[in-house]
Structure formats: C-alpha cells, structure tokens
Amino acid sequence: MTIHIYNSLKRSKEVFETIEPGRVKMYVCGPTVYDSCHIGHARSVIVFDVIYRYLTAVGYDVTYVRNFTDIDDKIINRSNELGVSPESLAEKYIDEFHFDMDGLNVLRPTLEPRATDHIDHIIRIIEILMNKEYAYAVDGDVFFSVDLFNGYGKLSGRKLEDMEAGARVEVDQRKKNPFDFVLWKASKPNEPFWDSPWGKGRPGWHIECSAMSEDYLGASFDIHGGGKDLIFPHHENEIAQSEAAFGKTYVKYWIHNGFVNINHEKMSKSLGNFLMIKDIVKEYHPEAVRLFLLSHHYRSPVDFTDQGIKNVAAGLDKIYALLERAEKYLGSLPDANSDYNKDVIPPTKDFRSLFSSAMNDDFNTAQGIGVLFDAVRNINRLLDQTNQTDDIENRQLIHNECLNIIKIGKILGLPSESPRTYFKQKKEKIINKESFDAETIEAMIQERQDARKAKDFNKADEIRDRLKSMNIEIEDRPEGTIWKVLS
RNA sequence: GGCGGCAUAGCCAAGUGGUAAGGCAACGGCCUGCAAAGCCGCUAUUCUCCAGUUCAAAUCUGGAUGCCGCCUCCA
C-alpha cells in the first residue's frame, strides 16, 4: 500500500514517505478566532480531519497539531468594537469553533496550541533570525529580509522581481524589500503587548506557526496543511523563517485545500454572503455537509448551493436506509472495530480495498464515496435476495459488507450514527419546525390503514397526498407502515 | 503585469495514455391495491473547440475560446 500525495511544493503527486517510519507529524493552520466559522473553515477542517483519520486507520502514529491564532490585528479591532478584551473574544470563538466542529463530527487534533502561549518561543526564534542577520529591527518592529533567504518563493512559484509590490497596498518605506514581512510588531497604546528585546509588542502572523510547529513537531516535519490562499504569503513566509532559523527543510509535504463558493460567488465581506456553519446545520444534517464537501476532490473549488446539498442529503438518506434495513436483518450492525467473518466466500468486489485505493491516490474522497454507494447498492441487492437464500453464509456475507461500510464511515466521518438515531432526529427536526406532532401523523397513518383495509383506496390515497404536502412520505413495509421526512 | 487552476450527461462529480465510477433527476421494468423504498434496465460512440504526437488520448503537446483563483486579511 502506497499513498500518493499532491505536494504543493513540487506541484505534483509524490509517494508519501514519512521522515520517521510509522510516524506522521502534521500541522494545519487553524482559525484566527475573531468571528464565527463559515463553510470554508468547515471544508479545510473536514478535509484534514479525513486525512488524519485515514493515516491513523492505515496504522500511522499521527501527531496532528492545529493552532488557534488568538492574537492579531483583527482580534484587537473586533475586541475594541465590542468593548471586550482580546482574550475573552478569542475564548468565545474558540468555544464556538469547538462547538461547530464537534457538531460536524470532526475529531479533535492531538494538540491545539494557541499563539499567546508561545510568545517566549516566538521571541527566541526572532532572536535567532536577528543573530543570523535574516531579520532587522526598525522602531520596535522586526522584519524578515526576504532577499537574504535563498529560495524565497519556492512554494508559491513566484520570483521576487516578478511580483508587483504595492499594487494594492501601500508599502512600508522602512522595509528593505517591499515583501519583507513583520516578525514582531510594536504595540500601539491600549493594545495588548508582551515585552521583548525590541520593546513592547506582539508577534507577527506568520511566526507563530513556525514556533508552534517546532515546539511540538520539530524543525522538520511531514505534512503542513491549510487553505489554498495561505500559500502566499503565509506559508511562503513560514518556510523562510523556519528554514533560515533552523537550517533544515521545514516541511516535506504541503497540502492545500480549495475554496468554497456560494452560488458561484466567492464568499466575501462586500457580498455579505458568508455562510456560517451554525446556520447551515440548522437546515441540513451535519453529515450531509460532510458528504457534500467530501464529494469533491479537496483541491477543487466547491460551489455550495441549496440544490447541491439537497441532492447529497438524499444520498445520505439512502445510506442510512440501507443500514436500517441491514440492522433489521442482522439483528445488530457490526461494530467498527470488530473483525470480518472469515468463512465467507470472497465477494466479487472488495469495496474496502477499492476505497483504500481511492484514498491512497491523494485522498480522493470523491472516488471513495463512489465506492461507498457501490457497496450500498451491493448490500441492497443481497438483501433483496435474502428471501431465497436466508442462510448463515448469506448473513455472514452481509455482515462483512456492512462492516465495510462502517469502516469506511469511520474514515469519512459518515455514516456515524445509528440509523434509528438518524431518522429520529430528522423527524424531530420537522416536528419542531412545523405545527404538527408525531401523534397527528400516526393517527393519519392509522386512518389510512383502516381505509385500506376497507378497500377505500381513494381515501387512503387522499391521506397519503395530505401527508406528502406536509413533507412526509410513507412506506408500506411488510411489517407495517413507516413514515419519514422528505429531504 | 506576474503566477496558477478549471472546462466530462439535465445537474453534481471521479477518472491524467488502454477504450467514460458514483450521486441527484428523468424514463421503462420487477415489486405494490396504487405508491414509496429497493433492485434491474435505460440515459455521454464521447469528455469546450482546432491541430499534433501515439497502435491507442477525456487523459500528452501546441493553439483558440470561456470561467476562476492568488499576488492585501482570508480556509
């Protein structure tokens, strides 16, 4: 089994070989905590959540670090606007981040360090850079001199001389090169500060990631991830700082996820079209959000539309309906950690290894989801045949095939609930939203059953139509009529 | 101005040299009182267009067109 990863640094897929056998050290840029999380945060976090889950599942000992940027201009500005301290603002949005991401069934990383807990370390790195003369101080600010770092631009594929500095923003005249960036920023009055050899101030944005990653993963580690937009300047600057300071290759594999558009438009402040996670999950099941995002390759852009997520929500129903059906047949669904029945005739298609093949090819979750649906159809087919061949072999085969789905589900983070819980939640959601209750629906179904018994099919169909207009669909199953909420 | 990406069925979306996964939707069939669900079948002789390389191209090369991103804080 070989994993191939698209490395932004090389602009090509490479064989994944860890620095230390069996261990993966991975760092992903987390949020700046000054506002609620939007669907774009969700994508990045979910993409790397799945990568983390997969690497763990195939046996690596993964140390996964995702930071919080809890000191920054945006935080200071927002806290001034609201009249609260930067610390409490950060605290509030860290809590909200956790709430949102837990809700999306995202696993917590191994470590979630905060910039403000690493100020000493940040200062130490800046001192190294000063001693090595990669950095220079002006009026309490400290800048990194990009001209002195050989290889500046290697990640983003830019050359300093080709870039149009100051095209959109005025250049600080104190910089030796317009692309020099700030390592340490002198504080203005009434701003939070820490003491440093260059006076009171706070860290620049990029240096914190160099400090925190070095602290927990060392000067050289395997995977660094984040959104595509971070390639320049953030990750470019991280490389410059870290490699200049420590003299080692900073990161082996750079992974960058694509953006989420909303109805064909980029999310932006001017359009006011930020879609917040907390709002999306009011409308859609969190796993529908996951399924939607993971149905696209992580490097491609994704266009978020109501129709798009409704379509995948229907697909999610299909998966859970299969699990419900299988659970009824088997008595209980297999546990994710349980073993396969070994006496079974090997199936024609090994969905588990097909899924792994997809994931091994640069974490192709979109293809993997295709395999998942293939597996669902396969089990439905087997269950259709159970009337003819309800023997122990068939049960074991279905058990094994369901176990595939559940093991795949552990990597994608969906399906992760019991079918009963899933459908129950859906029902509760519509009941809360609409002005009817379960009893009303049950009564209508009973009324229809009575009509059917009396062969009054006109009345029965009329009741069914009425339910349908309430967004309720019914299914007459051998064991009785059930109802469900339409997606 | 510099750098990069994308274009596959009605819609969404995999596929990066060997003859077009999967989902949603539609249609036909089985099942059903009728439905729904599920299954089966059908739905792109073809991958924006043009030229080229090759026994073989959606996949490689050149060109055209269209769309998008980054170069400023951004996931």
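Below, read A as the first sequence line, B as the second, and so on, with proteins coming before strands; counting in each chain starts at 1.
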If the condition is salt bridge (Lys or Arg N to Asp or Glu O under 4.0 Å), which residues does A:Asp350 pass it with, not counting sequence neighbours? none
Applying a 3.5 Å limit to both distances, which nucleotide forms a Watson-Crick or G-U wobble pair with [N]?
N	result
B:C31	none
B:G1	B:C71
B:C60	B:G52

Name all residues meeting the side chain to side chain donor-acceptor pair (under 3.5 Å) criterion together with [X]; count only those two or more places apart in sequence or in a different chain, and write none if there are none.
X	result
A:Ser187	none
A:Asp180	A:Tyr136
A:Asp461	A:Arg464

Scan residues 64-77 of chain A against RNA chain B and write down, sorted by residue number, each residue with any heavy atom closer than 4.0 Å; if none is found, say none. A:Lys74
Parallel, tilted or perpendicular for A:Phe292 and A:Phe304, by the 30°/60° rule? perpendicular
Is any NZ, NE, NH1 or NH2 atom of the basic residue among A:Lys328 and A:Glu324 found under 4.0 Å from an Asp or Glu carboxylate oxygen of the other?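 Here A:Lys328 does not pair with A:Glu324 in a salt bridge, since their nearest N and O are not under 4.0 Å apart.
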State whether A:Asp374 and A:Arg377 are salt-bridged, where the test is any N-O pair (Lys NZ or Arg NE/NH1/NH2 against Asp/Glu carboxylate O) under 4.0 Å.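 Yes, A:Asp374 and A:Arg377 are salt-bridged.
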Listed nucleotide nearest any side-chain atom of A:Pro233, set B:C73, B:A14, B:A75: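 The answer is B:C73, which lies nearest to the side chain.
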Measure centre to centre between the rings of A:Tyr27 and A:Tyr64, then say whether the value is under 6.0 Å. no
According to the 5.5 Å centroid and 30° plane-angle thresholds, does A:Phe259 stack upon the nucleobase of B:A75? yes
Please evaluate the base of B:G33 for a donor-acceptor partner in the side chain of A:Arg448 within a cut-off of under 3.5 Å? yes
Side-chain donor or acceptor of A:Asp476 under 3.5 Å from a matching atom on the base of B:C34? yes
With C1' as the reference atom in both, quote the distance from B:A58 to B:A13 in angstrom, rounded to an integer. 14 Å
Could you tell me how far B:G66 sits from B:A26 if I compare only their P atoms? Round to whole Å. 36 Å
Within the 4.0 Å limit for protein heavy atoms, which parts of nucleotides 15-29 of chain B are touched? Write it as a string from 5' to 3', B for base, S for sugar-phosphate only, - for none. S-----BSSS-----
Please tell me if A:Arg381 has a side-chain N or O lying less than 4.0 Å from either OP1 or OP2 of B:C40.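 It does, given that an N or O in the side chain of A:Arg381 lies less than 4.0 Å from OP1 or OP2 of B:C40.
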Nearest heavy-atom neighbours spanning A:Ser156 and A:Arg11: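 Looking at all heavy atoms of both residues, the shortest contact is C-NH2, 3.7 Å.
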